[in-house]
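Quick notes on the structure that follows.
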2 protein chains.
Amino acid sequence: MQDQLKLDDFICFAVYTASHAFNRVYKPLLDTLGLTYPQYLAMVALWGEDGQTVGGLGEKLFLESSTLTPLLKRLESAGYIRRERSREDERVVVLRLTDEGKRLKEKATGIPGCIAAASGRDAVDLTRLQAEIVALREALNKSVA
Amino acid sequence: MQDQLKLDDFICFAVYTASHAFNRVYKPLLDTLGLTYPQYLAMVALWGEDGQTVGGLGEKLFLESSTLTPLLKRLESAGYIRRERSREDERVVVLRLTDEGKRLKEKATGIPGCIAAASGRDAVDLTRLQAEIVALREALNKSVA
DNA sequence: CGTTAAACAATCGTGCGCGATATAAATAAC
DNA sequence: GTTATTTATATCGCGCACGATTGTTTAACG
């Protein structure tokens, strides 16, 4: 197995660099909304279901509270969400879209199409590849659990 | 096309979360070497070719000097590399493995196997998927160029 | 030559991302 | 009913990652 340490053969490196590549495609699009990529993901999750908790959002995004809390504070000070402590359970913080946060969804409708176009593949092919990468993620997550 | 904003259908989200998942698998392995994942990538590149420049390494890793310079300084203060300004061209910094840095390669030989095992796929399948993700990365990089 | 342009690395500021720890509330144990 | 444990979020420190800027060196060119 000679010198097996070739960076270009590492699937982790492919994923790592592809992730950065996505970020670079997204950046100019998201700049017009005043969002970073992780902030955009949080907004997408909230557009899908308003009133989620910090913990619930973290489970969806695979992020810790130490990452989300400051990110959500920035979204709050940008005026897109409110962070309200739940009355029933004072430990829980509920995230609610402001009117401006809801309006932002309309401005973001074109983005997925731009990304799909930049990927240079048809929708069917993207869906298949997406499912394969999710399966890879699940296998990796299972191995550390 | 109803409500097309579903996080789980975003290939970028799959890649983003898979990248984090890899990091979580790598962490305990790399902790024994005293390396972070990006530092490990830099060392792999240098194990493959010693004496690279900062700019050359950045091209391979798709990283800017603003990311690499502090990372390389940490590798230097860990005793794994030396950073030497080239005599022929004083603008260039050449990276050279120390003896300890070369020795680290042996301690890292088992890692790729561990990662492959954690991915839950055979080598052929991983190679195919890896190539697909690289193709995706190239398409994305081309679209921003 | 000398002036201008380009190349290269470093620095600075902002925003993740995580582990470890803290704090406070809710629940369980006794 | 007091104590212990668990749960939910927040704080802190470290290390990326990038864009913008700076400073130095080299190359280009009239």
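We name chains A, B, ... by the order of the sequence lines, and we start the count at 1 in each one. Hydrogens, waters and symmetry mates are skipped; everything else that's a heavy atom, side chains included, is used.
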Should [X] and [Y] count as an ion pair when the cut-off is N to O under 4.0 Å?
| X | Y | value |
| --- | --- | --- |
| A:Arg103 | A:Asp99 | no |
| B:Glu138 | B:Lys142 | no |
| B:Glu84 | B:Arg96 | yes |
| A:Glu100 | A:Lys107 | no |
| A:Arg121 | B:Glu132 | yes |

(message) Using OP1 and OP2 only, check whether a side-chain N or O of B:Arg85 sits under 4.0 Å from C:dC8.
(response) no
(message) Between A:Lys73 and D:dT11, is there a contact of a side-chain N or O with OP1 or OP2 at under 4.0 Å?
(response) yes
If I take atom [atom1] in residue [X] and atom [atom2] in nucleotide [N], what distance separates them, rounded to the nearest angstrom?
| X | N | atom1 | atom2 | answer |
| --- | --- | --- | --- | --- |
| A:Glu84 | D:dA8 | CD | C1' | 17 Å |
| B:Gln52 | C:dC8 | CD | C1' | 16 Å |
| B:Leu68 | C:dT11 | CG | C1' | 14 Å |
| B:Asn23 | D:dC14 | CG | P | 19 Å |
| A:Leu35 | C:dT14 | CG | P | 18 Å |
| A:Tyr26 | C:dC16 | OH | P | 15 Å |

(message) Would you call the rings of A:Tyr40 and A:Tyr26 parallel, tilted or perpendicular, taking 30° and 60° as the class edges?
(response) tilted
(message) Restricting to non-hydrogen atoms, name the atom on A:Gln39 and the atom on A:Leu75 that form the minimum distance, rounded to 0.1 Å.
(response) CB-CD2, 3.9 Å
(message) Should the side chain of A:Ser65 and the base of D:dA10 be counted as holding a donor-acceptor pair, with the cut-off at 3.5 Å?
(response) yes
(request) Apply the ring pair (Phe, Tyr, Trp, His ring centres under 6.0 Å) test between A:Tyr16 and each candidate in B:Phe22, B:Tyr37, B:Phe62; give the one that qualifies. (result) B:Tyr37
Between N or O atoms, less than 3.5 Å apart, protein on one side and nucleotides 23-28 of chain C on the other: list the pairs.
unit_1	atom_1	unit_2	atom_2	d
C:dA26	OP1	A:Glu90	N	3.1

(message) Between A:Thr69 and A:Ser66 (side chain of the first, backbone of the second, donor and acceptor by atom type, cut-off under 3.5 Å), is there such a pair?
(response) no
Every protein N/O lying under 3.5 Å from an N/O of nucleotides 16-18 of chain D:
unit_1	atom_1	unit_2	atom_2	d
D:dC16	OP1	B:Thr36	OG1	2.6
D:dC16	OP2	B:Gln39	NE2	2.7
D:dC16	OP2	B:Arg74	NE	2.7
D:dC16	OP2	B:Arg74	NH2	3.2
D:dC16	O5'	B:Arg74	NH2	3.2
D:dA17	OP1	A:Tyr16	OH	3.4
D:dA17	OP2	A:Tyr16	OH	2.3
D:dC18	OP1	A:Arg24	NH1	2.4

